[in-house]
Amino acid sequence: MGLLKKYGALYLMMVPVIAYFIVFAYYPLVKGLQTSFQDYKLMGDRPYVGFANYDAVLHDSLFWEAMVNTLVIGGGILLFSFIAPLVIALSLNEVLRTWFKKMAQMILYVPHLLSWVVVGGIWIFMLSPDSGIVNMILVHVFHRAPINFLADSGYARWIMILLSTWKEMGYTCILFLAGIVSINPSLYEAARMDGATRWQQLTYVTLPQLSNTMKVVFLLNTLGILRIFDQVFILRNPTIASKVDVLMMYTFQKGILEIKLGPAAAASFFVLVLTLALTLVVRRMTRFDEV
Amino acid sequence: MSDRFERLGWKNKAFDTLNGLFLLALMLTMIIPFINVLALSFSSGIASMRPEIVLWPKQFSMEGYEIVWKSLDIWRPLLNSVIVTVVGTVLHVLLSSLAGYVFIYPRLPGKRVMLTFVLITMMVPQEAIMIPLYVVNKDLHLINTLSALVLSGLVSGFSILLMRSFFLNVPYEMSESAKIDGAGEFRIFLTMYLRLAAAGLATVTLFEFVGRWNMFTAPVMFINDSMKYTLQVALKAMIIDTSSNSGTYMVTTNVRMAGIVISILPLIAVYPFVQKYFMKGILLGASKE
């Protein structure tokens, strides 16, 4: 009782948070696992069917298509969204004029603030074959035939990867810049004393010193690749669906549109397990815990 | 930094120029689309459909905005978005701060258990429980209500940890002396911590504000009554579904672009004032995960 008297107010403060998490995080998790083993109907009996849902998902060619798309698009985003911000951060770091640096950082960050509806809407228009700027340039400057980028399955995955990189690079760049700023300046002084050029300072001081930040960014990006949804939902169309529909899209279609909740829940659990597995692998690979 | 200016060899100069041009080119890929959108939104309907590069309004007109506002009734989804964003953000910040405050007590019994309880929720991607979440909302009769959108992400481990790290900067001795003076936890929380961690409040508020304004997955899943659409969902129907193979009605480009401008206005308006909080939040957030 003494405990409650002393800390009662604090526990009371936690009550709404804990209640929320139980109802909207833990219960759905358990419920999802249960549903994945049921023949789930919105009304009536929901008999347990063992692994039948998992079996159905694993034998669904659309699932494997979604898996391949997720890995290709997610992998591409992982790679490009790592390299592009790194290059930009290094490049920004070499800029000597503070106002230019600040302005660049501010402008590059803007797309991150916008929703995928807006970013998608803008780029669908920019890439449109009859009035988009990109095709205008192709036609008038390079004298090429216009390309219907978003209806061409050859370009579809690239568009997903590049747009995601474009949207998020300013954001990730901030993480790298912060890493660069925290490097001990005496390391650069020592390097300069030894006659290191700008390039040598970059490869022998900046990059090695930045490795911890790189690990963090890589881990954060890895967690994101299986969650790609908004972007695909907005930019997809029937022509390119088979090249861009990712796992979350598959789940959405199965669960919300076709109301096959059992298989949808089973597919979600593959995503969950894959996310955890990927995280562990990346943690191990980058030896994140030793940082 | 000053000695970096001294190296003025031509190679360095050439590098600086190329480097500057590279960054400028990147910035242009961000700026041109927005200028294009803005210019088209102020063009007349016919001019906006003509295939040419538009960086300045052609046949200046407010027609796009008028149609979006009057004929397409964008004010209703706009209102829905404002309600969900404001109510959701206030509650989110309040609940996250409360929990963040609890976690600064070093010797609180059960703290480890509660912290683990919160951390686990951060490991489970929201998307992976999409289907059961839909069922939960359905069972609670929240489908097609704005409450479902307010409740979605009402609190998050991320915000809790962010608030906690701001609260940890408040000297602990201060709250101890306040306690000796007879102040209760709620009072200390409200009058001392929330005020002294104003930067933290601003950071979390802005993150949540932007996140909720842009929220898309939840409204797509939980709402199918068009009177309850939020701005993002209404925009999707307006600018994307009509752009490729329009079936029902014709929406001219200037109308679609006006919709985009209206939806990003609140974000662009607050951005310059709050940039520093964003930076701080991003950095703290990344070091937490």
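Because the structure is a prediction, the values reported are computed rather than measured. Just the heavy atoms: all of them, side chains too, but no hydrogens, waters or symmetry mates, feed the values below.
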Using heavy-atom distances under 4.5 Å, tell me whether [X] contacts chain A through its side chain, its backbone, both, or neither.
{"X": "B/L151", "result": "both"}
{"X": "B/S263", "result": "side chain"}
{"X": "B/M30", "result": "both"}
{"X": "B/V135", "result": "side chain"}
{"X": "B/F117", "result": "both"}
{"X": "B/V210", "result": "side chain"}
{"X": "B/N36", "result": "side chain"}

For the pair A/Y27 (side chain) and B/P132 (backbone), establish whether a donor and an acceptor sit closer than 3.5 Å, ignoring hydrogens and angles.
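Side chain of A/Y27 to backbone of B/P132, a donor-acceptor pair under 3.5 Å: no, none is there.
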Does any N or O in the side chain of B/N214 come within less than 3.5 Å of the main-chain N or O of A/L113, such that one atom is a donor and the other an acceptor?
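Side chain of B/N214 to backbone of A/L113: a pair is present.
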Pairwise side-chain contact, A/Y26 with B/V124, heavy-atom cut-off 4.5 Å (strictly under)
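No, every pair of side-chain atoms sits at 4.5 Å or beyond.
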What is the distance from atom [atom1] of [X] to atom [atom2] of [Y], rounded to the nearest 0.5 Å?
{"X": "B/L26", "Y": "A/S91", "atom1": "CG", "atom2": "OG", "answer": "7.5 Å"}
{"X": "B/M114", "Y": "A/M14", "atom1": "CE", "atom2": "CE", "answer": "5.0 Å"}
{"X": "B/S156", "Y": "A/F21", "atom1": "OG", "atom2": "CZ", "answer": "6.5 Å"}
{"X": "B/F15", "Y": "A/E94", "atom1": "CZ", "atom2": "CD", "answer": "5.0 Å"}
{"X": "A/W116", "Y": "B/K236", "atom1": "CH2", "atom2": "NZ", "answer": "14.0 Å"}
{"X": "B/I131", "Y": "A/Y40", "atom1": "CD1", "atom2": "OH", "answer": "11.0 Å"}

Walk me through whether B/M27 and A/F100 qualify under side chain to side chain contact (heavy atoms under 4.5 Å, CB included).
CA-CA 11 Å; B/M27 280 190 268; A/F100 184 79; 3.7 Å; yes
Shorter than 4.5 Å, heavy atoms on both sides: which option in [options] has the most such pairs with chain B?
{"options": "A/Y109, A/W123, A/F269", "value": "A/Y109"}
{"options": "A/V271, A/L114, A/D130, A/V118", "value": "A/L114"}
{"options": "A/K31, A/M136, A/M103, A/H140", "value": "A/M136"}
{"options": "A/A104, A/G8, A/S36", "value": "A/A104"}
{"options": "A/V217, A/L12, A/V110", "value": "A/V110"}
{"options": "A/I174, A/D230, A/T251", "value": "A/D230"}

Between B/Y101 and A/L10, is a side chain to side chain contact (heavy atoms under 4.5 Å, CB included) present by the stated rule, with each step listed?
CA-CA 8 Å; B/Y101 175 72; A/L10 292 175; 3.8 Å; yes
Would a line drawn from the ring center of B/Y105 to the ring center of A/Y7 be shorter than 6.0 Å?
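Not under 6.0 Å, so no.
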So, A/F229 versus B/F216, ring centres under 6.0 angstrom or not?
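No, too far apart.
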Provide the closest heavy-atom pair for [X] versus [Y] in the form atom of the first, atom of the second, distance.
{"X": "B/A128", "Y": "A/L272", "answer": "CB-CD1, 3.7 Å"}
{"X": "A/S115", "Y": "B/Q232", "answer": "OG-OE1, 2.6 Å"}
{"X": "B/V136", "Y": "A/P28", "answer": "CG2-CG, 4.1 Å"}

With respect to A/V117, which candidate in B/I260, B/V233, B/L235 satisfies the side chain to side chain contact (heavy atoms under 4.5 Å, CB included) definition?
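Result for side chain to side chain contact (heavy atoms under 4.5 Å, CB included) with A/V117: B/L235.
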Interchain contact, [X] with chain B, by part (heavy-atom threshold 4.5 Å):
{"X": "A/L276", "answer": "side chain"}
{"X": "A/M126", "answer": "side chain"}
{"X": "A/V23", "answer": "both"}

Using distance alone, with no hydrogens and no angle criterion, decide if B/T29 and A/W166 have a side-chain donor and acceptor under 3.5 Å apart.
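On atom types as modelled, these side chains qualify, holding a pair under 3.5 Å.
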Could you check which of [options] has the highest count of heavy-atom pairs closer than 4.5 Å to chain A?
{"options": "B/T121, B/L133, B/L267, B/I268", "answer": "B/T121"}
{"options": "B/F186, B/Y134, B/Y271", "answer": "B/Y271"}
{"options": "B/L140, B/L95, B/N137, B/L154", "answer": "B/L154"}
{"options": "B/T217, B/I32, B/L40, B/L24", "answer": "B/T217"}
{"options": "B/R50, B/M123, B/M257", "answer": "B/M257"}
{"options": "B/V220, B/T253, B/L108", "answer": "B/L108"}

For atom NZ of A/K102, is the number of surrounding heavy atoms from other residues, nucleotides or ligands below 6.0 Å larger than 12?
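No - once you tally the heavy atoms of other residues, nucleotides and ligands closer than 6.0 Å, there are 12 at most.
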Please name all residues satisfying side-chain hydrogen bond (donor to acceptor under 3.5 Å, both in side chains) with A/S182, sequence neighbours left out, ordered by chain then number.
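Per chain and number, A/S182 pairs via side-chain hydrogen bond (donor to acceptor under 3.5 Å, both in side chains) with no residue.
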Check this for me, if you would: do B/D16 and A/R198 make a salt bridge, where the nitrogen-to-carboxylate-oxygen distance has to be below 4.0 angstrom?
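Salt bridge present between B/D16 and A/R198.
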Apply side chain to side chain contact (heavy atoms under 4.5 Å, CB included) to residues A/V87 and B/F22 and explain how you reach the verdict.
CA-CA 11 Å; A/V87 171; B/F22 164 71; 4.0 Å; yes
